Structure formats: C-alpha cells, structure tokens
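The structure presented is a predicted model; accordingly, all values stated were derived computationally and were not measured.
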Amino acid sequence: MERLPRDRLRREQEKTLAAPRMRYGPLARLLFVALDLLYGRRRSLSKFKVLEVIARVPYQAWENVAYVAITHTHAFPDFARRIYDRVRESRSQQDNEQWHLLILEELTDKKGIRENFFWYRLLPQLFAFLFYQISWLLYVIRPRWSYLLNAHLEDHAEHEYMAYVAENAALESEPFESIFAEDYGRFASLADLFRQIGYDERAHKLESLARVEAPRFR
C-alpha cells in the first residue's frame, strides 16, 4: 500500500470527511447497527479492533474460493494464472488489514485499556465467522455482491478513522512508536497513523468497486 507524506494525509482526510458515505446495503447496515448497539456509537480503539477482525475475512473468503477454482482449472494454465493473480491481490489486502489489527492491539495494550474477554475476543470472532460465510456465499453466487458488500465495509471504516482523528486533537501530539513500524510505516503522530489507515481502507474500497463490474477472473 502507498504510504503518504503528512501534508498529503491531511488532504486525504479532508477529502474523506467532505465526501458522503456510500448508500449501504441491508447487510452492511445490519452489521453497523449491531456494532453500535453492542459497542456504542463512540469511536474507540477497542471498537476499531472489532471492525478490523471482521474486515480481514472477505479477503480470506475470496482467497479460499480462488484456490478451489485453481484446483479445478490447473489443466488450463492461462486461466489458472489469472485466478492466482486474484489470490495474490486478496492476500495482499488481507495482510494490510492484519497490520491494522496488530497495531491497534499494540496501542490498546500500551494504553492499558482493559477489555472484556467475551465482548472483545469471543464475540468479534463470531461476527467474523458469520461475515466470512456471507462473503463466501455471495462470492460463489455472484462475485459482484461480495465485492460491493466489502466496499460498503471499507467505506464505513474509512470515514470512521478519519472522523476519529478529527474528534481527537490530542492525537496530533502523540508519537507513533511501534514494533510494526518497519513493516507498516513510520509516522510523525498517531493522527497521521490513523489517517493512513483510513486511506488504506479507501484504497481497498476502490479496489472492490473496480471488481463490481469486472468479470470474475479477467
């Protein structure tokens, strides 16, 4: 993923906050309402962790379907190669979401934020399991439906991260120090870190939207 300089990150935040959110479908709206009811409407590091646990699973579902397809198409190398390229793309997006989760986990630990095991460990895994099944089924039936659902999730995440920075001015003066900095990137402040994560989510959204009208494997 592209790492942006500080001035560009600020411009991208303004761009996100000025843009309307997508018109979310019923499944996405149901997820967001459930998260607000269970974890509150207030944006927080712990709530973002729950969102990131869920955000990885569409890419896992697509990768799984693609590997099954490769198993049945390896006799046609050109077609199998196109499928494998899609696998690599999904894995890259999944890895990016994983860095988000690991960094958030590190931040909550450093800040001494105590989290209930059921609400912040078990329940997010249940959400992720259900979302995986839905993403997988939609992809098998009609891939564009699964891509569109993911675009809605990523659009929501993009706006939530950018709004979180706008709401918390103190983030501008908090340095970003992490054991994952070499892997994910170095930033002058936590504000810039969250702007970058929000920008990542937009990139994932645009990648999914590009697939909505595209053939399943091109």
Measure across [X] and [Y] and return the closest heavy-atom pair with its distance rounded to 0.1 Å.
{"X": "S178", "Y": "I103", "value": "OG-CG1, 4.5 Å"}
{"X": "L107", "Y": "L193", "value": "CD1-CD2, 4.1 Å"}
{"X": "A181", "Y": "F176", "value": "CB-CE2, 4.4 Å"}
{"X": "L9", "Y": "L4", "value": "CD1-O, 3.5 Å"}
{"X": "M162", "Y": "G198", "value": "CE-C, 3.9 Å"}
{"X": "A157", "Y": "L51", "value": "CB-CD2, 3.8 Å"}

Look at the side-chain heavy atoms of Ile, Leu, Val, Met, Phe, Trp and Tyr, link any pair under 4.5 Å apart, and say whether [X] and [Y] land in one connected group.
{"X": "L104", "Y": "F117", "answer": "no"}
{"X": "L190", "Y": "L102", "answer": "yes"}
{"X": "L101", "Y": "L31", "answer": "no"}
{"X": "Y59", "Y": "V140", "answer": "yes"}
{"X": "L122", "Y": "V53", "answer": "no"}

Rounded to the nearest 0.5 Å, what separates atom [atom1] in [X] from atom [atom2] in [Y]?
{"X": "E158", "Y": "Q13", "atom1": "CD", "atom2": "CD", "value": "11.0 Å"}
{"X": "D183", "Y": "W99", "atom1": "CG", "atom2": "CH2", "value": "3.5 Å"}
{"X": "R56", "Y": "N96", "atom1": "CZ", "atom2": "CG", "value": "12.5 Å"}
{"X": "E115", "Y": "S44", "atom1": "CD", "atom2": "OG", "value": "8.0 Å"}
{"X": "E63", "Y": "Q94", "atom1": "CD", "atom2": "CD", "value": "5.5 Å"}
{"X": "K49", "Y": "H100", "atom1": "NZ", "atom2": "NE2", "value": "15.5 Å"}

Between D200 and Y184, a side-chain donor and acceptor under 3.5 Å: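 Distance-only check passes for D200 and Y184.
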
Among side-chain atoms of E201 and H204, is any donor-acceptor pair under 3.5 angstrom?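 There is no such pair between these side chains.
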
Please list, chain by chain and in numerical order, all residues satisfying side-chain hydrogen bond (donor to acceptor under 3.5 Å, both in side chains) with R11, sequence neighbours excluded.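 Applying side-chain hydrogen bond (donor to acceptor under 3.5 Å, both in side chains) to R11 gives none.
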
Between [X] and [Y], is there a donor-acceptor pair closer than 3.5 Å when you use the side chain of the first and the backbone of the second?
{"X": "H156", "Y": "R29", "answer": "no"}
{"X": "S189", "Y": "S173", "answer": "no"}
{"X": "E106", "Y": "I179", "answer": "yes"}
{"X": "K111", "Y": "L45", "answer": "no"}
{"X": "D155", "Y": "M22", "answer": "yes"}
{"X": "E172", "Y": "A191", "answer": "no"}

For residues 116-127, which residue pairs qualify under side-chain hydrogen bond (donor to acceptor under 3.5 Å, both in side chains), counting only residues two or more places apart or in two chains?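 Passing the test, one end in residues 116-127: E105-R121.
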
Could you go step by step and tell me if Y39 and L123 meet the side chain to side chain contact (heavy atoms under 4.5 Å, CB included) rule? CA-CA 11 Å; Y39 298 100; L123 196 56; 3.6 Å; yes

If the plane angle is over 60° it's perpendicular, under 30° parallel, otherwise tilted; pick one for F48 and Y161.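 Because their plane-to-plane angle is under 30°, the rings of F48 and Y161 count as parallel.
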
Ring geometry between Y164 and F194 (parallel below 30°, tilted from 30 to 60°, perpendicular above 60°):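 Taking Y164 first and then F194, their aromatic rings stand perpendicular (interplane angle over 60°).
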
For a 4.5 angstrom cut-off between non-hydrogen side-chain atoms, does [X] reach [Y]?
{"X": "E154", "Y": "Q93", "result": "no"}
{"X": "E14", "Y": "L17", "result": "no"}
{"X": "Y24", "Y": "L153", "result": "no"}

In this structure, which one of L38, I54, L35, V50 forms a side-chain contact (heavy atoms from CB on, under 4.5 Å) with P124?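 Per the side-chain contact (heavy atoms from CB on, under 4.5 Å) rule, the option paired with P124 is V50, out of L38, I54, L35, V50.
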
Identified salt bridge (Lys or Arg N to Asp or Glu O under 4.0 Å) partner of E12 from the options R3, R6, R195, R202: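 When salt bridge (Lys or Arg N to Asp or Glu O under 4.0 Å) is applied between E12 and each of R3, R6, R195, R202, only R202 qualifies.
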
For a salt bridge (Lys or Arg N to Asp or Glu O under 4.0 Å) with E160, tell me which candidate from R21, R41, R42, K47 qualifies.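 Result: among R21, R41, R42, K47, R21 is the only option passing the salt bridge (Lys or Arg N to Asp or Glu O under 4.0 Å) with E160.
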
More than 12 heavy atoms of other residues, nucleotides or ligands under 6.0 Å from CH2 of W136: is that the case?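 For W136, atom CH2 is not crowded (no more than 12 foreign heavy atoms under 6.0 Å).
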
Are there over 12 heavy-atom neighbours, none belonging to F180, within less than 6.0 Å of that residue's CZ?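 More than 12 within 6.0 Å, yes.
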
With a 4.0 Å cut-off, would you call E177 and K110 a salt bridge?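 Answer for the salt bridge query: no.
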
